[in-house]
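These notes are about the structure you will find just below.
Note that this is a predicted model, so its numbers are computed, not measured.
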Amino acid sequence: MVSWHKLRKRVHLFCFLAFLALPFFNVVRFDIPKERFYFAGYELWINEFAIVFFAMMFLMFLVVASSVFYGRVYCGYMCPQMIFSDAAVALGTWLRKRVTKKFPRWKPPMREGVARGLFYAVLAVASVGLAFIFICYFVEPRDLWRRLASLDMHTAAGICGAAVTLVAFLDFALVRHRFCTTVCPYGYLQGLLGDGNTLLVQYRDETHACIECKKCVRVCPMEIDIRDSPFQIECIHCAECVDACEEVMTRLKKPTLIHYVWGEKGELVSDPSSRPWYRRVGLRDAKRVVVLVVLLLYASGLFVALGMRRAVLVQVSPVRAQLYRIGADGRIYNQFRYLIANRGGKPGAVVFSIQQLPGASLAMAPNPVRVRPGESATGDFEISRPAGRRDELVSHFTILTNTVPDGVSDAIPMTFLAPTESK
Ligand code: SF4
Ligand code: SF4
């Protein structure tokens with residue numbers, strides 16, 4: 001079986017590539033200047049409350065469910081802070097070894113100084129790249145690139161870019177894994193979400209077989225001793241200590257002492273007698289079934305809301321500042337206002353017509369109204385009808401809208417006001 005370390009590094013690589021790709025493919029992106037939320041390739045407008053709500057709740061509940069089932073596995077395997085902290089440590093160690101190998105005659109402080117200088121230089125370039133990707137989650141990537149190319153330090157995006165670069169540099173040069181136990185609230189939240197069936201890394205040594213080699217301590221990125229407790233706030237369940245102990249104890253032909261376990265008193269994850277399959281994936285009690293059901297409900301709600309979504313939104317409302325107007329031609333005019341939002345990726349056009357208002361005509365130019373992708377249009381138009389019977393103060397009729405090329409039709413109920421007496 002592949003070691004936890006190798007598995008973790010593969011997941012790190014996958015998550016790193018995903019972190020790079022997500023904003024460019026609009027999988028998850030919150031475009032602040034445009035006030036748009038991009039999710040799974042959909043461009044959602046902030047006023048699409050149902051979808052934004054379900055998307056947010058789904059993502060939030062996904063984090064909660066992962067903590068209830070698998071504890072701090074997100075921290076150890078998927079968190080960008082952890083991935084880049086590990087990478088910064090690995091880079092520093094690699095540079096130190098390279099410099100030592102290349103210049104064996106130099107004094108150690110000199111080698112250390114050169115390695116450190118190289119590390120800071122590489123980190124500075126990497127911080128610009130990381131800051132760029134991070135801000136791409138909030139600003140359109142091409143727009144951000146233009147700002148970066150012109151060394152824009154005046155707009156919010158430019159200032160944020162410079163600030164995030166500085167924070168990233170200081171973070172990965174000085175703070176690294178300490179961030180998890182000082183700044184990040186997720187580790188503390190984890191203590192509230194976990195229970196007796198949550199995945200843990202635990203030291204179990206009923207036979208006192210530990211040889212005190214301390215390899216588990218040396219490999220720990222958080223610099224703790226897992227033998228003290230499986231509930232240390234610093235422990236990110238990365239399983240580096242699991243691999244380390246297994247390596248030592250295998251050489252001694254003894255069973256390993258550190259394991260992934262389902263809760264403090266639960267079975268080992270590696271226990272082959274752990275049956276059936278749903279217990280092996282962590283579905284171990286009613287609470288987890290409820291968590292999974294809620295997660296599926298949010299996912300279904302999101303799916304349904306996305307399925308019902310219309311690319312072109314049309315709203316029509318009457319302008320009642322003046323109830324009606326009697327034109328020079330003797331006809332009675334009512335004014336209306338339209339708002340068209342094209343939330344899709346293709347140009348759209350909306351054709352307006354009226355129904356159930358005898359003798360009425362629609363004064364609207366242009367009709368159809370064309371709206372480019374991602375834009376909205378608003379305008380006023382009038383509907384008139386002959387001054388005939390004045391006993392109808394309010395006539396109910398319908399405004400029909402037909403969206404091209406989607407072919408979606410809407411019937412909007414509306415009222416037409418007329419004077420009750422001749423003037
Ligand atoms: S690696 Fe295993 S044997 Fe060595 S100190 Fe840690 S628990 Fe004990
Ligand atoms: S104690 Fe083990 S699982 Fe916890 S952070 Fe350290 S190496 Fe990772």
Side-chain angles (χ1 to χ4, degrees), residues 11 14-75 77-80 133-141 185-186 189-190 192-194 198 278 281-283 285-315 339-346 348 371 373-376 403 405-410:
V11 177
F14 175 80
C15 291
F16 173 65
L17 295 176
F19 172 73
L20 296 188
L22 291 185
F24 290 92
F25 294 98
N26 285 335
V27 181
V28 178
R29 196 163 74 75
F30 207 151
D31 197 314
I32 293 173
K34 284 167 76 180
E35 295 183 4
R36 301 282 192 277
F37 178 55
Y38 292 87
F39 185 78
Y42 287 90
E43 180 180 328
L44 306 175
W45 293 37
I46 295 303
N47 57 9
E48 293 184 87
F49 177 75
I51 304 178
V52 175
F53 170 79
F54 276 117
M56 291 294 187
M57 291 306 287
F58 174 71
L59 292 175
M60 209 174 80
F61 221 78
L62 195 61
V63 173
V64 170
S66 119
S67 304
V68 172
F69 278 66
Y70 305 118
R72 300 279 299 271
V73 162
Y74 168 80
C75 303
Y77 286 74
M78 287 178 262
C79 174
I133 300 295
F134 178 75
I135 295 179
C136 279
Y137 279 83
F138 305 99
V139 178
E140 213 269 318
Y186 182 64
L189 190 68
Q190 174 56 39
L192 301 175
L193 294 172
T198 301
Y278 53 81
V281 296
L283 209 54
D285 58 14
K287 175 178 165 184
R288 279 150 180 79
V289 175
V290 172
V291 168
L292 196 63
V293 168
V294 174
L295 188 64
L296 289 175
L297 282 177
Y298 279 124
S300 315
L302 179 60
F303 194 69
V304 170
L306 284 172
M308 288 170 58
R309 180 176 189 264
R310 289 182 178 184
V312 179
L313 177 80
V314 185
Q315 288 174 341
L339 168 70
I340 303 170
N342 185 352
R343 305 174 298 190
K346 293 180 289 185
V371 188
E375 293 191 355
S376 47
T403 306
D406 296 348
V408 177
S409 299
D410 250 331

Might you confirm whether atom CZ of F303 has over 12 heavy atoms from other residues, nucleotides or ligands at distances under 6.0 Å?
no
For atom NZ of K346, is the number of surrounding heavy atoms from other residues, nucleotides or ligands below 6.0 Å larger than 12?
no
Roughly how far, to the nearest 0.5 Å, is the [atom2] atom of [Y] from the [atom1] atom of [X]?
X	Y	atom1	atom2	value
L193	T198	CG	OG1	8.5 Å
R72	L189	CZ	CG	10.0 Å
M78	F19	CE	CZ	15.5 Å
L313	T403	CG	OG1	9.5 Å

Using modelled atom types and a 3.5 Å cut-off, is there a donor and acceptor pairing between side-chain atoms of R343 and backbone atoms of P373?
no
Is the backbone of V371 close enough, under 3.5 Å, to the side chain of N342 for a donor and an acceptor to pair up by distance?
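Such a contact is found between N342 side chain and V371 backbone.
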Non-hydrogen atoms of A341 and S376 that approach each other most closely
CA-CB, 3.9 Å
Would you name the heavy atoms of F134 and F138 that are closest together and state the gap between them?
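Nearest heavy atoms, F134 then F138: O-CD1, 3.6 Å.
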Dump the intermediate steps for ring pair (Phe, Tyr, Trp, His ring centres under 6.0 Å) on F30 and F37, then the final yes or no.
CA-CA 5 Å; F30 207 151; F37 178 55; 5.6 Å; yes
Who pairs with Y70 by side-chain hydrogen bond (donor to acceptor under 3.5 Å, both in side chains), at least two apart in sequence or on another chain?
none
Close side-chain approach of [X] and [Y], heavy atoms under 4.5 Å:
X	Y	result
D410	R310	yes
F39	V27	no
C15	Y77	no
I32	V139	no
Y38	D31	yes

R29 to Y137, cation-pi by 6.0 Å centre distance and 45° axis angle
no
V408 and V314: CA distance, side-chain angles, deciding distance, side-chain contact (heavy atoms from CB on, under 4.5 Å) verdict:
CA-CA 11 Å; V408 177; V314 185; over 6 Å; no
My understanding is that only residues two or more places apart in sequence, or in another chain, count here; which of them pass salt bridge (charged side-chain N to carboxylate O under 4.0 Å, His left out) with R288?
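R288 satisfies salt bridge (charged side-chain N to carboxylate O under 4.0 Å, His left out) with D195, D285 once adjacent residues are dropped.
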Listed pairs under 3.5 Å, donor-acceptor, residues 50-69 side chains, sequence neighbours left out:
{"from": "S67", "atom 1": "OG", "to": "V63", "atom 2": "O", "distance (Å)": "3.0"}
{"from": "S67", "atom 1": "OG", "to": "Y186", "atom 2": "OH", "distance (Å)": "2.3"}
{"from": "S67", "atom 1": "OG", "to": "Q190", "atom 2": "OE1", "distance (Å)": "3.4"}

